[in-house]
Number of protein chains: 2
Amino acid sequence: MGAMSNVERAVSALRQMIFAGELPPGSDHLETELAEKLGMSRTPVREAALMLQAQGLVEMRPRRGIRITPVSAADMAEIYDILTELESLAAARAAEAQYSKADLANLATAIRDMDGALARDDLRAWAEADDRFHRELVRLGRNARLSMVVSVMRDQVRRARATTLFMRPKPKQSNEDHRVVYQAIARGDAQVAHDTHHAHRQAARDMLVALLEKHQFHGL
Amino acid sequence: MGAMSNVERAVSALRQMIFAGELPPGSDHLETELAEKLGMSRTPVREAALMLQAQGLVEMRPRRGIRITPVSAADMAEIYDILTELESLAAARAAEAQYSKADLANLATAIRDMDGALARDDLRAWAEADDRFHRELVRLGRNARLSMVVSVMRDQVRRARATTLFMRPKPKQSNEDHRVVYQAIARGDAQVAHDTHHAHRQAARDMLVALLEKHQFHGL
DNA sequence: TTATGCGTTAATGTATACACAAGTGCATAC
DNA sequence: GTATGCACTTGTGTATACATTAACGCATAA
């Protein structure tokens, strides 16, 4: 059952530790140190670090160790700009694809879950469903490379969310946007799907960047 | 002077061999084999392969060797869709940035070079200058992550160009588009810069995909 | 006190060794 | 002739060893 290589184990363990904040942004870690912590030799740790580096989660700097990449407000602006364009394209493509209601079930469920979470004031559940909505949207856009790029960017957003989720205003407008996008896709209106999602992401971008700048998270 | 690690050497050597067609798309190569060819041990070759895998140039499949990723017409459609969106955003951002004429010198030079190459019927020189134009455009958009994603995608386009460059019609419309984009950026018109470039890339996409499909390059 | 240079330390880059597992071919049975 | 299983081969995943070289501290000089 454990058909999982040490490299894979290292990748997911490191990801988990990064997202959990156990390896804080900006902190350095020697290969040997991480290898010991993960109970394996340096080789798979190095390979895992190389992969995470390609995704922008860590930087390997000779003799200084593996640094957990910090994400500044400026970084977040870059990331959201990319997300905005690529997800909007995915929304347009999804609309063009003439999906049936059944195909869009996951999208509908995610929206309903967000409503529910919001009513219960459960921000964590809301964030999880929001993630799910965006992931499904991109999947429906049917572009494997785009999905990969977006997922890398979304990982970065997830990291910042730990600090922003409870500072931001309640995401009320958000759900209305999602519903409009959903309906546009359902009736095959690519233009509206695209533009609505674009505006949605841009608004989120501006709000988050302002939030991060205000609270001086310039390099955490 | 040779402050270059074996991993770096391996990465650039492999890239070169891939772009030159010396390692043909779809071909498999054992780690040992490549290591011997490059005059180093498996370790740096493996690390180089991991990096190239992250960029989609190769795939590592256990026991089957390192495969040079083939690029099909469908892949090219995906790639161009991403390029279209991201480069257009860069064009818009460049326009918003209020660059001086001096800042746009590289752009202007690239356009002039393309004109010259086209007049001499030198398609290779044209392709080189075209690359330069697009690279500079993205740089002016000032989004480091976007630049990286675009450069990965452009690498894939470069690979296909070896087969398409001499089959496609002469890129005459292309230069007019570039000029319009340049002027829009110079006068700070983000909308025109964006939309013109978007249409430019989309046209290129449709032309190339049709070309590749027609000539049945479905997996070479 | 601050700057400069040297020696030490230790982390990395790379080579090598080895166990394991997947693919291959042959032999055997039907 | 086809199918099944077994032994063998061989590539990879991982551990380990080692040389190199960059960072750091200390001493010395201005």
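Chain identifiers are assigned alphabetically (A, B, ...) following the order of the sequence lines, protein sequences preceding nucleic acid strands; residue numbering begins at 1 within each chain.
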Among Val149(A), Val152(A), Ile82(A), exactly one meets side chain to side chain contact (heavy atoms under 4.5 Å, CB included) together with Arg145(B). Which residue is that?
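Running side chain to side chain contact (heavy atoms under 4.5 Å, CB included) over Val149(A), Val152(A), Ile82(A) with Arg145(B) returns exactly one hit, Ile82(A).
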Within residues 52-65 of chain B, find the residues that approach DNA chain D with a heavy atom at under 4.0 Å, and present them sorted by residue number.
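Those residues whose heavy atoms fall under 4.0 Å from DNA chain D, taken from residues 52-65 of chain B in numerical order, are Pro62(B), Arg63(B), Gly65(B).
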In whole Å, what is the span from the [atom1] atom of [X] to the [atom2] atom of [N]?
| X | N | atom1 | atom2 | answer |
| --- | --- | --- | --- | --- |
| Met4(B) | dT14(C) | CE | C1' | 16 Å |
| Glu31(B) | dT14(C) | CD | P | 15 Å |
| Leu30(B) | dA22(C) | CG | P | 17 Å |

Determine whether [X] and [Y] make a side-chain contact, defined as any pair of heavy atoms from C-beta on separated by less than 4.5 Å.
| X | Y | result |
| --- | --- | --- |
| Leu57(A) | Arg159(A) | yes |
| Leu140(B) | Leu104(B) | yes |
| Arg154(A) | Glu87(A) | yes |
| Asp81(B) | Leu146(A) | no |

How about CE on Met148(B), more than 12 heavy atoms from neighbouring residues, nucleotides or ligands closer than 6.0 Å, or not?
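Not more than 12 within 6.0 Å, no.
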Inspect the contact between Glu136(A) and Arg132(A) and indicate whether a charged nitrogen and a carboxylate oxygen are less than 4.0 angstrom apart.
no
Contact interval (first through last nucleotide) of DNA chain D with protein chain B, 4.0 Å heavy-atom
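Taking any atom under 4.0 Å from a heavy atom of chain B, the span is dT10(D) to dT14(D).
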Specify the residues of residues 35-51 of chain B, ordered by number, for which at least one heavy atom lies under 4.0 angstrom from an atom of DNA chain C.
Met40(B), Ser41(B), Arg42(B), Thr43(B), Pro44(B)
Show every donor-acceptor pair shorter than 3.5 Å between a side-chain atom in residues 36-45 of chain B and any protein atom, with sequence neighbours excluded, or say none if there are none.
residue: Ser41(B); atom: OG; partner: Thr43(B); partner atom: N; Å: 3.3
residue: Arg42(B); atom: NE; partner: Glu31(B); partner atom: OE1; Å: 3.1
residue: Arg42(B); atom: NH2; partner: Glu31(B); partner atom: OE1; Å: 3.1

Can you list every salt bridge (charged side-chain N to carboxylate O under 4.0 Å, His left out) pair that touches residues 15-24 of chain A, not counting sequence neighbours?
Arg15(A)-Asp155(A)
Residues which pass ring pair (Phe, Tyr, Trp, His ring centres under 6.0 Å) with His200(A), listed by chain and number, not counting sequence neighbours
His134(A), His178(A), His197(A)
